[in-house]
Amino acid sequence: MSEFKKSKKKDGSIVYSKSVYLGVDPKTGKKKRTTLTAKTQKELKLKIARKKIEIEENGFVSDDETSQELISFEEVYNLWFSSHKNTVEDTTAERIESLFKNHIIPKFGNSYLQDIEPLDCQKALNDWYSYYTNYSVLKSYTSSVFKYAISLGLIKNKPNPMDLTIKPKSKKKAKIIENELENFYDLEQLEHFFKILENEASFMDFLIFRVLAFTGLRKGELGALTWNDFNKSDKTLRVNKSLAYANGKYRIKPPKNKPSNRILPLDDKTYNLLLKWRTEQNKKLLALGINSKQSKQSQLIFTQSTPKRGDNVNLGYDYINHMLKVFIDKYKLEKITPHGFRHSHASILFSIPGIDIKDVQMRLGHANPTVTMNVYIHVSKKLKIEAADKFAEIANF
């Protein structure tokens, strides 16, 4: 019969445990024991051996010091997250929870804190690097859990194991940035795209992409626009909020950063199309028994209103993504994302002789001018290449 107790956890995994004598508590004079647990018998034997050496060298070990043996990484994560989520936006908290669920917990969830060594962390980091571009954020959040455990005294006499790892150099970074900057249409492609939309799309769908391309708005900013943001006298759009998705629903939140809070002048055609859409939307809503002008809240400019879903249903990200994919697939267009229309707007602005980069930065709401410069450098390079090709066409000899 085995000297260890074998048991099954709720998740179906097998663990082995054994009661170990610690000595006599000098405070109470009573004998003390603790239970050590491990995933395998071999691992448990090593833990018992280490514990016996510890007792011989240090004498009695208090209950507080032995309790750390039974605490798993996932248990500490749950404690850490319950506090940390109150310090960040709901969208950020949902993203963090997803990162732990899909990447971090599968690596460390069932492991006990004292069993996790730097080598385990390095293996996890190397694996994340092989498939996840932003692997460094996984390292950071994992390290935060270890730091939290150390602050609570759940890990003693050991450094943060994630701090002892070597971070792989990202070889994919330059390529990712390049692909992101390639995500735009030039003037000719943009004109072709809107000719298709004029014949195929609904008025609202056409206007959605028109506003994205002719203002440089982010998708979330467009989804949060209300008619209060549309200034008919000044012909401008006010950008002061954004649409975010968290906890299974959409909500309105403050803009991405301070420079994102801005006023955008509209070209005459986009302005007139918005006026026309305001009238058409009112008719559609009234047909559903909804009078948006009498609503206590300002009507969203773009919605998915139906009788069952109410009068102010957010457009949502999936709707724009789906409509764009339909047109790209049907007409075999160059692939572009909704965010690509923002890059298209920037690229066309930069093709204007004498354009001030600061003006483009303010229009796009970039907090960091470096982001604007990256787009500018890329577009300038493309224009120089096109200029060389055009010269060769003229000087055809």
Side-chain angles (χ1 to χ4, degrees), residues 7-13 15 35 37-39 63-168 170 220 242-257 314 316-318:
S7 56
K8 183 181 290 187
K9 297 174 68 175
K10 290 182 179 179
D11 62 2
S13 60
V15 294
T35 301
T37 307
K39 297 177 182 178
D63 287 339
D64 290 340
E65 291 173 306
T66 59
S67 62
Q68 62 186 348
E69 297 282 356
L70 302 177
I71 298 177
S72 71
F73 179 91
E74 186 169 11
E75 289 174 309
V76 179
Y77 153 69
N78 289 331
L79 287 172
W80 171 82
F81 183 70
S82 64
S83 298
H84 184 72
K85 68 180 180 181
N86 298 320
T87 67
V88 296
E89 290 280 343
D90 290 346
T91 49
T92 302
E94 188 174 70
R95 177 171 172 268
I96 292 172
E97 193 171 23
S98 176
L99 289 174
F100 272 93
K101 178 182 178 182
N102 296 320
H103 306 285
I104 301 174
I105 294 301
K107 298 291 185 187
F108 302 111
N110 292 328
S111 299
Y112 295 107
L113 288 174
Q114 286 287 22
D115 295 340
I116 301 174
E117 300 293 340
L119 180 59
D120 301 314
C121 294
Q122 187 67 60
K123 288 180 179 178
L125 191 59
N126 292 344
D127 186 45
W128 294 331
Y129 169 73
S130 70
Y131 71 87
Y132 193 75
T133 303
N134 198 14
Y135 68 94
S136 57
V137 76
L138 300 176
K139 175 183 178 179
S140 177
Y141 283 131
T142 305
S143 181
S144 294
V145 173
F146 285 123
K147 288 177 183 176
Y148 181 71
I150 291 170
S151 71
L152 294 180
L154 300 175
I155 299 179
K156 295 185 178 181
N157 304 318
K158 285 183 66 175
N160 184 331
M162 191 56 83
D163 288 347
L164 301 178
T165 59
I166 298 174
K167 184 179 175 183
S170 177
S242 185
L243 183 66
Y245 187 81
N247 300 322
K249 61 181 179 181
Y250 286 99
R251 69 180 184 87
I252 303 298
K253 69 168 191 174
K256 184 176 182 180
N257 48 51
N314 292 309
Y317 296 153
D318 290 340

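Since we're looking at a predicted model, the values are computed, not measured. Sequential numbering from 1 along the given sequence is applied to the chain's residues.
Of all heavy-atom pairs between L125 and K139, the closest is CD1-CB, 3.7 Å. Contact between P161 and E117 at its shortest, heavy atoms only, is CB-C, 3.9 Å. Across all non-hydrogen atoms, the minimal contact from D163 to S143 is OD1-OG, 3.3 Å. Heavy-atom minimum distance, K158 versus L113: NZ-O, 4.4 Å. The shortest non-hydrogen separation linking C121 to T165 is CB-CG2, 3.6 Å. S82 and L79 get closest at one heavy-atom pair: OG-O, 2.7 Å.
Relative ring orientation between F100 and W80 is described as tilted, the plane-to-plane angle lying within the 30° to 60° band. Using cut-offs of 30° and 60° for the angle between ring planes, the H103 and Y132 rings count as tilted.
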Verdict with reasoning, H84 to I96, per side chain to side chain contact (heavy atoms under 4.5 Å, CB included): CA-CA 10 Å; H84 184 72; I96 292 172; 3.7 Å; yes

D127/K107 under salt bridge (Lys or Arg N to Asp or Glu O under 4.0 Å): CA gap, chis, key distance, verdict: CA-CA 10 Å; D127 186 45; K107 298 291 185 187; 2.5 Å; yes

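No donor-acceptor contact under 3.5 angstrom links the side chains of S111 and D115, judged on distance only. If you check the side chains of N78 and E74, you find no donor sitting under 3.5 Å from an acceptor. N110 and S72 are not linked by any side-chain donor-acceptor pair at a separation below 3.5 angstrom, with hydrogens and angles left out of the test.
A heavy-atom distance below 4.5 Å is not found between the side chains of V145 and F108. Side-chain contact between R95 and V137 is present, with heavy atoms from C-beta onward closer than 4.5 Å.
Paired with F73 under the rule ring pair (Phe, Tyr, Trp, His ring centres under 6.0 Å), one option of Y112, F146, Y141 passes, and it is F146.
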